[in-house]
2 protein chains.
Amino acid sequence: MLRISRLTDYGTMILVHLAARPDECCPASDVAAHTRLALPTVQKLLKLLARGDLVRSVRGAEGGYTLARPASGISAADILGVLEGPLGLTECSTESHQCELEAGCQVSSAWQKLDRAIRRALDDISLADLAEPPREFPVLNLSGRSLQARPATPAPPPRNRNRTGARP
Amino acid sequence: MLRISRLTDYGTMILVHLAARPDECCPASDVAAHTRLALPTVQKLLKLLARGDLVRSVRGAEGGYTLARPASGISAADILGVLEGPLGLTECSTESHQCELEAGCQVSSAWQKLDRAIRRALDDISLADLAEPPREFPVLNLSGRSLQARPATPAPPPRNRNRTGARP
DNA sequence: GTCATACTGGACTAAGATAGTCCCATATGC
DNA sequence: GCATATGGGACTATCTTAGTCCAGTATGAC
């Protein structure tokens, strides 16, 4: 639940890759090779990221992509905003049409409280944080879940992958 | 992005309805009438909520549903947990299979930081908070979005509703 | 000028998730 | 026994997501 999409996850990996090479202009093929994601998917995501002004593109031979600004200046909220659209826990928080239930609905203001808490957390994490190697994080693993890397997301394009059994 | 499903939203409305009537045993038809949600949908959700131990059911004539415990003892995390499955921002945070990228992936620990922040926020909000009328909330509407109720979710079952243009 | 390399924009498909409905079985009070 | 309820599933249409592909355009090298 409250899960980010797989593409957003991939997109973050791509940004992390670029963040590690601030002075290089990386072509999509390069990024795909290093992240082990499928090339068409990487191309698609880089296009989106460029349109969202998170990366800058250079066309033509010797072209490629670079971060549009330093990793510390890109927040998780920026990334999710570009790859998943505007934040909003419920439909009424992002859409503007009038609610037929207005009188009866008492829920939205509390959802918005939650909404703000999440937004704050997203603003607080920068791409630089995301790119930081795990070992430098003083991780308090309170949840009991193991702190491993992302699952078999990439490489042999995981067809028919069972997305969850948990997904919202 | 990071949106809760519509059914979860409905489920919350149902819980709020029950929270307002702690001593009544409300049949699904009753809940549907008051929330203006479609009866089959309400039935489905109440079943789920009962299985998740958030509501208690009484079968037979004069039967219906009540909250399983006081509204203050039910958190938003409980609700989302029952209606959307286990919390987890990325697949690797809820699933246990090994990640092929382990060496290369540096992202997960930061996502987990975010994950914890969200979890904390969800734990902090109780059904009692959600049920509280908006006016009692000292809402700091920093976002500029109007604080209206949920949109035309219910009633004339909104077929072909354009879910977003924003949805993750 | 031509060619290879890359990005740009968009269309398209398959698979999966979501929302919503319906049916039959079972329990209970009158 | 009957009306009223919940319980457990199955089922369908629709939307979203992931993933691929193609034709167009820009740029540097030769």
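Worth knowing before you read on, the calculation uses all heavy atoms, side chains too, and leaves out hydrogens, waters and symmetry mates. Every chain is numbered from 1, with letters handed out A, B, ... down the list of sequences.
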Asker: I'd like to know if the side chain of Thr66(A) pairs up with that of Glu24(A) as donor and acceptor (distance under 3.5 Å, no hydrogens or angles considered).
Answerer: no
Asker: Salt bridge or not between Arg119(B) and Asp123(B)? Use side-chain N to carboxylate O under 4.0 Å.
Answerer: no
Asker: Taking only side-chain nitrogens and oxygens of Ser57(B), does any of them come within less than 4.0 Å of OP1 or OP2 of dG7(D)?
Answerer: yes
Asker: Could you state the CG-C1' distance from Leu54(A) to dC7(C), rounded to the nearest angstrom?
Answerer: 17 Å
Asker: Taking the minimum atom-to-atom distance to the side chain of Leu7(B), which one of dT4(D), dT21(C), dG20(C) wins?
Answerer: dG20(C)
Asker: Round to the nearest Å and state the distance from Leu37(B) atom CG to dT21(C) atom P.
Answerer: 11 Å
Asker: Does any donor-acceptor pair link the side chain of Lys47(A) with the base of dG10(C) at a separation under 3.5 Å?
Answerer: yes
Asker: Calculate the interatomic distance between Arg56(B) atom CZ and dA5(D) atom C1'; express it in whole Å.
Answerer: 18 Å
Asker: Does OP1 or OP2 of dA5(D) have a side-chain N or O of Tyr65(B) closer than 4.0 Å?
Answerer: no
Asker: Nearest to the side chain of Thr41(B), heavy atoms from C-beta on, is which of dT5(C), dT20(D), dG20(C)?
Answerer: dG20(C)
Asker: Report the C-alpha distance between Arg21(B) and His17(B) in whole Å, list the side-chain angles of each, state the deciding distance to 0.1 Å, and finish with yes or no for side-chain contact (heavy atoms from CB on, under 4.5 Å).
Answerer: CA-CA 7 Å; Arg21(B) 295 158 184 78; His17(B) 176 85; 3.2 Å; yes
Asker: When the distance from CG of Leu83(A) to C1' of dT16(D) is rounded to whole Å, what number comes out?
Answerer: 16 Å
Asker: Asp53(A) has an atom CG; how far is it from atom P of dT8(C), in whole Å?
Answerer: 12 Å
Asker: If I take atom CG from residue Leu18(B) and atom CG from residue Leu67(B), how far apart are they, to the nearest 0.5 angstrom?
Answerer: 5.0 Å
Asker: What integer distance in Å separates Glu62(A):CD from dA4(C):C1'?
Answerer: 11 Å
Asker: Does a side-chain N or O from Arg59(A) land closer than 4.0 Å to OP1 or OP2 of dG28(D), or not?
Answerer: no
Asker: Between Ser29(A) and dT5(C), is there a contact of a side-chain N or O with OP1 or OP2 at under 4.0 Å?
Answerer: no
Asker: Let me know the distance between NZ of Lys44(A) and C1' of dG10(C), rounded to the nearest Å.
Answerer: 11 Å
Asker: Check whether any side-chain N or O of Ser5(B) sits under 4.0 Å from OP1 or OP2 of dA17(C), and answer yes or no.
Answerer: no
Asker: Taking the side chain of Ala28(A) as its heavy atoms from C-beta onward, which of dG20(C), dG29(C), dC7(C) lies nearest to it?
Answerer: dC7(C)
Asker: Answer with yes or no whether the side chains of Asp78(A) and Ser75(A) bring together a donor and an acceptor at under 3.5 Å.
Answerer: yes
Asker: Base, sugar-phosphate, or nothing: which does Pro27(B) touch, judged by heavy atoms less than 4.0 Å apart?
Answerer: sugar-phosphate
Asker: Whole angstrom is fine here: how far is it from CG in Leu46(B) over to P in dG8(D)?
Answerer: 13 Å
Asker: Could you work out which one of dT8(C), dG9(C), dG20(C) sits closest to the side chain of Arg51(A)?
Answerer: dG9(C)
